[in-house]
Amino acid sequence: MTRDEFFQKTLGEARIAVCVGCGGVGKTTVSAALGLAAARRGRNTLILTIDPARRLADSLGIGELGNQPRPIPSSALSQFGVPPNVKLSAMMLDMKRTFDDLITRFASSPEARDRILSNTLYQHASETLAGSVEYSAMEKVYELYEGGEFDLIVLDTPPSQHALDFLEAPQRLVDFLDSRIIRLLVHPALSAGRIGLRLFQRGAQRALQTIERVTGLGFLEDVSEFLLAFEGMSGDFRKRAQRVESLLTGPEASFVLVTGPAEDSVAQSVQFLDRLENFRVPLHGILVNRIHDWPGSSNALPTVLEETPLALEQLTAALAHGAGADFPAEEAARAAFGVAKRYAEIVRRDEASTSVLRKRTEEIGRYWGRIPEFAADVHNLAGLAQVADRMVLPEENRGAPTPHRPGEEPDA
Amino acid sequence: MSHEPARRLLARRLIVVTGKGGTGKTTVATSLALGGARAGQRVLLVEVGRDEQCPRLLGSDSQPVGYAGRVVSTGITCMKIDPFEALTEYLGIQLGVTSVVRTVVENTAFRQMMNAAPGWRALITLGKIWHLEQMTDTDGRPLHDLIVVDAPATGHGVTFLDAPRVAVAAVRAGPLRRNAERVEALIRDPERCVLLPVALAEELPVMETAELVSRLTEQTGVCIDRVVVNRVSPDPLPSGISELEDHLRRIEPPPDACFPDPRILADCAKWATSRHALNQHHLAAIRRRTGLPIVPLPQLSGGAGRIQDLERLIEPLTGIET
């Protein structure tokens with residue numbers, strides 16, 4: 001897939017763009033830059049993040065992100081090429097509240113709702129209940145999608161050790177709510193009379209007795225109360241989860257895998273691609289963020305940097321020429337070779353660590369995009385605009401005097 | 001460094017290494033284990049995540065060490081704590097009948113429930129670590145002089161160490177509560193246990209580490225007495241040469257020049273100096289925000305793929321000559 005096709009699909013056509021990837025690769029920044037790029041194309045866009053750091057709010061120029069979409073002032077956006085009638089908003093997912101809302105919506109009765117919300121286990125555990133964070137994120141996306149206020153929602157998925165966690169988690173939650181052990185606790189009568197289940201029930205009873213003996217009094221009471229309170233929810237939950245799933249696997253979604261040049265991020269991304277078929281998500285491209293480009297052109301490998309005596313002598317002379325008499329020209333020449341060699345080493349290392357992933361991406365016909373490492377942190381809309389330019393524009397249209405300079409400050 | 005940390009790092013029995021993904025906490029944990037072993041300690045290096053990485057860093061073959069653990073390098077035993085294995089062992093100790101326990105733990109429905117149930121993984125893992133800390137040899141000395149835990153990444157890290165406190169709050173009585181109390185006591189004992197956060201001199205890791213330090217100190221009472229900042233870039237320029245970039249940009253190369261394009265050299269110089277300046281800025285920020293001594297580690301030029309690379313980190317980490 002070409003650059004133009006990829007961004008046309010993801011920014012121009014999709015209703016949901018999901019950024020997945022492991023932690024520490026700059027997923028939030030990439031999501032925000034994608035959001036800005038979509039707004040520039042004239043689409044009303046929402047950036048939905050779960051990153052509690054204030055940085056996104058700061059760099060978007062809004063005071064604080066809340067559980068409601070907050071628009072970025074159009075006066076600020078217009079100077080970065082966003083048409084005046086187009087909105088770009090951002091919000092931060094409050095996971096606990098989204099999950100509470102979910103319980104409130106799906107509880108079978110007000111009593112059941114209160115039982116769940118006031119349960120000790122729920123209060124301590126709703127954020128760590130397997131999959132609840134990821135499920136909440138998907139749930140919120142679906143709600144906003146249904147609301148229809150935005151042409152595109154860019155979802156920055158929760159940071160997880162593994163990119164796959166996000167896709168597996170909701171199923172784990174539904175499995176949990178649907179699991180036989182819950183059905184047995186809730187409806188023991190249903191399973192009577194069927195041999196297989198009876199056998200199972202003996203095992204389950206033994207399991208429960210074991211837990212009771214080990215955990216002590218009261219714990220199991222809380223557990224079963226917690227589970228009982230979910231009675232009636234699981235059916236609706238499942239239906240809802242299925243609708244969310246078909247949205248995310250359908251033509252209105254586009255998944256972007258964000259990765260970095262570090263070996264573990266690359267390894268995880270390869271694993272992600274290997275298992276892609278299991279999840280049937282429309283992954284169109286991979287963006288490798290913070291990769292080091294050799295000056296002159298991205299994709300070019302470092303030019304030869306041989307520090308021969310003649311080269312050193314010539315560079316020393318060239319540096320001395322026009323500098324003061326006390327300028328240590330030879331030391332400066334050595335230092336210049338030194339930093340260039342170090343930078344070349346990093347460029348080669350990034351190339352070596354990512355090449356397997358790039359080949360794999362090209363083999364399966366997905367887009368492979370590079371976002372170079374900038375020397376300064378991305379702090380504001382100008383910085384995000386520059387990241388967006390690097391992503392979206394072909395090299396010849398970027399308008400910089402040289403195609404890429406590693407020292408360039410994104411918020412210059 | 002403004003002042004020396006109160007105690008030598010390796011004098012602790014238990015060091016829990018945590019940090020945001022990508023900060024190199026596994027590298028730091030493994031280097032610490034090497035440092036302990038070089039100082040003659042019997043070291044146990046514990047991994048908690050999904051994959052085993054430490055044995056590979058120590059040059060061991062691909063054979064997994066698993067829950068039973070294996071000596072992979074002189075003085076270093078590696079193991080990986082799988083929560084289900086730990087649960088089986090724990091239930092076995094509590095009930096005394098291993099066969100029943102196996103049947104229960106391997107029951108599909110039980111697994112399904114435990115897969116989704118919150119909190120217990122951290123608790124059982126910490127319980128196992130407590131148990132390992134208590135173990136003694138035939139002479140009654142601790143079996144492991146030093147236990148280094150490569151803990152889950154930040155965020156998960158708070159939940160991880162907070163699990164015993166939550167359990168004590170949620171469970172009214174019984175063995176589970178007693179166990180949680182014992183684990184909590186170990187975590188709160190600054191003589192025995194220390195948490196070692198690993199950060200990078202970059203904006204987000206600095207903010208997250210500052211948050212982690214204040215949240216963990218408040219919620220769990222664990223001792224944190226220094227912060228490791230990994231991959232700090234060295235000052236690229238010798239003293240007396242500032243503005244190398246400007247000098248390079250002014251160069252007019254002779255027609256027969258055999259040195260590289262000065263614009264490229266200038267770009268590289270700019271990258272190195274701005275990167276170093278940014279690093280220093282974030283180092284100052286993390287020192288200011290945590291109020292803790294900072295242990296800077298150098299950037300390893302070839303990454304941290306070999307034992308020799310890890311050994312270069314021992315001295316700056318622990319103050320032991322190698």
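Residue numbers start from 1 in every chain, and the chains themselves are labelled A, B, ... in the order their sequence lines are given, proteins ahead of strands.
Residues H247(B) and F327(A) have side chains in contact (heavy-atom distance under 4.5 Å, counting atoms from C-beta outward). Looking only at side-chain heavy atoms (C-beta outward), Q314(A) and C258(B) come within less than 4.5 Å of each other. Here the side chains of S274(B) and F374(A) are not in contact, with every heavy-atom distance at 4.5 Å or above. I251(B) has its side chain within reach of L315(A): a pair of non-hydrogen atoms, C-beta onward, lies under 4.5 Å apart. Counting heavy atoms from C-beta on, the side chains of P260(B) and F337(A) come closer than 4.5 Å. Two residues are said to be in side-chain contact when any heavy atoms from C-beta on lie closer than 4.5 Å; P234(B) and R342(A) meet this criterion. For the pair Y343(A) and D267(B), the minimum side-chain heavy-atom distance is 4.5 Å or more.
The greatest number of non-hydrogen atom pairs below 4.5 Å with chain A, out of E202(B), R275(B), E252(B), is found for E202(B). Between chain B and the options A317(A), A332(A), A323(A), the largest number of non-hydrogen pairs under 4.5 Å is found for A332(A). Among R250(B), Q53(B), H282(B), the residue making the largest number of heavy-atom pairs under 4.5 Å with chain A is H282(B).
More than 12 non-hydrogen atoms from other residues, nucleotides or ligands lie less than 6.0 angstrom from NE2 of H276(B). Summarising the local packing, CD of E89(B) is surrounded by more than 12 heavy atoms from other residues, nucleotides or ligands at distances under 6.0 Å.
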Test side-chain contact (heavy atoms from CB on, under 4.5 Å) applied to F259(B) and T308(A), step by step: CA-CA 9 Å; F259(B) 57 82; T308(A) 60; over 6 Å; no

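Proximity to chain B is absent for every atom of A262(A), based on heavy atoms less than 4.5 angstrom apart. Using a 4.5 Å cut-off between heavy atoms, I346(A) touches chain B through its side chain atoms alone. Using a 4.5 Å cut-off between heavy atoms, L244(B) contacts chain A through its side chain alone, with no backbone atom that close. For L248(B), the parts sitting under 4.5 Å from any heavy atom of chain A are the backbone and the side chain alike. For a residue to count as touching a neighbouring chain, one of its non-hydrogen atoms must lie under 4.5 Å from one of that chain's; by this rule D261(B) does not touch chain A.
Nearest heavy-atom pair, C268(B) versus P295(A), reported as atom, atom and distance to 0.1 Å: SG-CG, 4.3 Å. Between L237(B) and A335(A), the closest heavy-atom pair is CD2-CB, 4.2 Å.
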